[in-house]
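I have placed the structure first, in the form of structure tokens, so that the comments after it can refer back to it.
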Amino acid sequence: MKWTTQQMDTYLNSKEYVDTAVIPLIPLDWEKDPKGKVSMGEFTSLVTEELERQFKGRIFQIAPFTYLSGEADEQKLERLLEWDRHFFKNGFKHIVYVTSDGDWKKLENELPDMLIWMPSLSLESMDASYAKEILNQQMKQVLPLITDKWQQEPKERP
């Protein structure tokens, strides 16, 4: 399910089956490589949408968590942890963070749940069918990680 009013109605009627929130982590930067940051965001959004499509009825695609590239790691981590606690407290047993920003890899051990990091691909010059094929190949690697995660007990939040 997606972050729309129509999908929210569906969620509210079946929330006992939807136990996983997917949060895209998207950097913003208008100074240094803004096009690269937009490309990261686009790719992250595509991955997140594909996860939502593959696991429709089990996951909810949350609005993107956006942050400035220059924001201190501690600050953006604390904000994300606040989001995490909010969604966990409100019924999501599992939270998956999706990003193309490699900076999150160094914070991965401080996150209470699963980080999926994929280097972004520049899709603007790529043929649409080729881009879809690449995304499908990436999904074949990611989907088992999520299904394995569902076999584990959720981590409690402070």
Side chain to side chain, [X] and [Y], heavy atoms closer than 4.5 Å:
X	Y	value
W117	D101	no
S120	T44	no
D19	H94	yes
L77	L111	yes
L115	T99	yes
M8	F60	yes
E82	R79	no
K149	V96	yes

Do you know the tightest heavy-atom contact between [X] and [Y]?
X	Y	result
A63	W83	O-CZ3, 3.5 Å
N90	Y11	O-OH, 4.1 Å
E31	D29	N-OD1, 2.8 Å
M1	S14	CE-OG, 3.9 Å
V18	G57	CG2-O, 3.6 Å
F88	P154	CE1-CB, 4.1 Å

Yes or no on salt bridge (Lys or Arg N to Asp or Glu O under 4.0 Å) for R53 and E50, after CA distance, side-chain angles and deciding distance? CA-CA 5 Å; R53 190 183 72 73; E50 185 61 20; 2.7 Å; yes

Same cluster for [X] and [Y] if Ile/Leu/Val/Met/Phe/Trp/Tyr side chains link at under 4.5 Å?
X	Y	value
V142	F43	yes
L46	L143	yes
L145	I59	yes
F92	M114	no
W3	I26	no

What about Y97 and F87, are their ring centers closer than 6.0 Å?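 For Y97 and F87, the ring centres are not under 6.0 Å apart.
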
Given I23, T20, I95, the one that forms side chain to side chain contact (heavy atoms under 4.5 Å, CB included) with D113: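 By the side chain to side chain contact (heavy atoms under 4.5 Å, CB included) criterion, D113 pairs with just one of I23, T20, I95: I95.
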
Are the side chain of [X] and the backbone of [Y] linked by a donor-acceptor contact shorter than 3.5 Å?
X	Y	value
S39	K35	no
S69	P27	no
R157	K155	yes

So, taking the atom named [atom1] in [X] and the one named [atom2] in [Y], what distance separates them when rounded to the nearest 0.5 Å?
X	Y	atom1	atom2	answer
E78	D84	CD	CG	10.5 Å
R58	T147	CZ	OG1	9.5 Å
L28	E71	CG	CD	9.5 Å
S129	I134	OG	CD1	10.0 Å

N109, CG atom: more than 12 neighbouring heavy atoms under 6.0 Å: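 Result for CG/N109: open.
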
Is it the case that over 12 heavy atoms from other parts of the model lie below 6.0 angstrom from the CD atom of E16?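 Yes, CD of E16 has more than 12 neighbouring heavy atoms, counting only those of other groups under 6.0 Å.
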
Any Lys/Arg nitrogen of E108 or K105 sitting under 4.0 Å from an Asp/Glu carboxylate oxygen of the other?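 Result for this pair is yes, salt bridge flagged.
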
Salt-bridge present (K132, E49; N to O < 4.0 Å):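 Salt bridge between K132 and E49, a charged N being under 4.0 Å from a carboxylate O: no.
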
Stepwise salt bridge (Lys or Arg N to Asp or Glu O under 4.0 Å) test for E110 and K76: CA-CA 12 Å; E110 298 182 53; K76 69 183 177 186; over 6 Å; no

Apply the test side chain to side chain contact (heavy atoms under 4.5 Å, CB included) to residues E52 and V22: give CA-CA distance (whole Å), side-chain angles for both, the deciding distance (0.1 Å), then the verdict. CA-CA 8 Å; E52 188 276 332; V22 176; over 6 Å; no

Assign the ring pair W104 / Y67 to parallel, tilted or perpendicular, where the plane angle (0 to 90°) is split at 30° and 60°.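 Correct class here is perpendicular.
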
Step-by-step side chain to side chain contact (heavy atoms under 4.5 Å, CB included) determination, V47 to M139: CA-CA 8 Å; V47 169; M139 286 295 109; 3.5 Å; yes

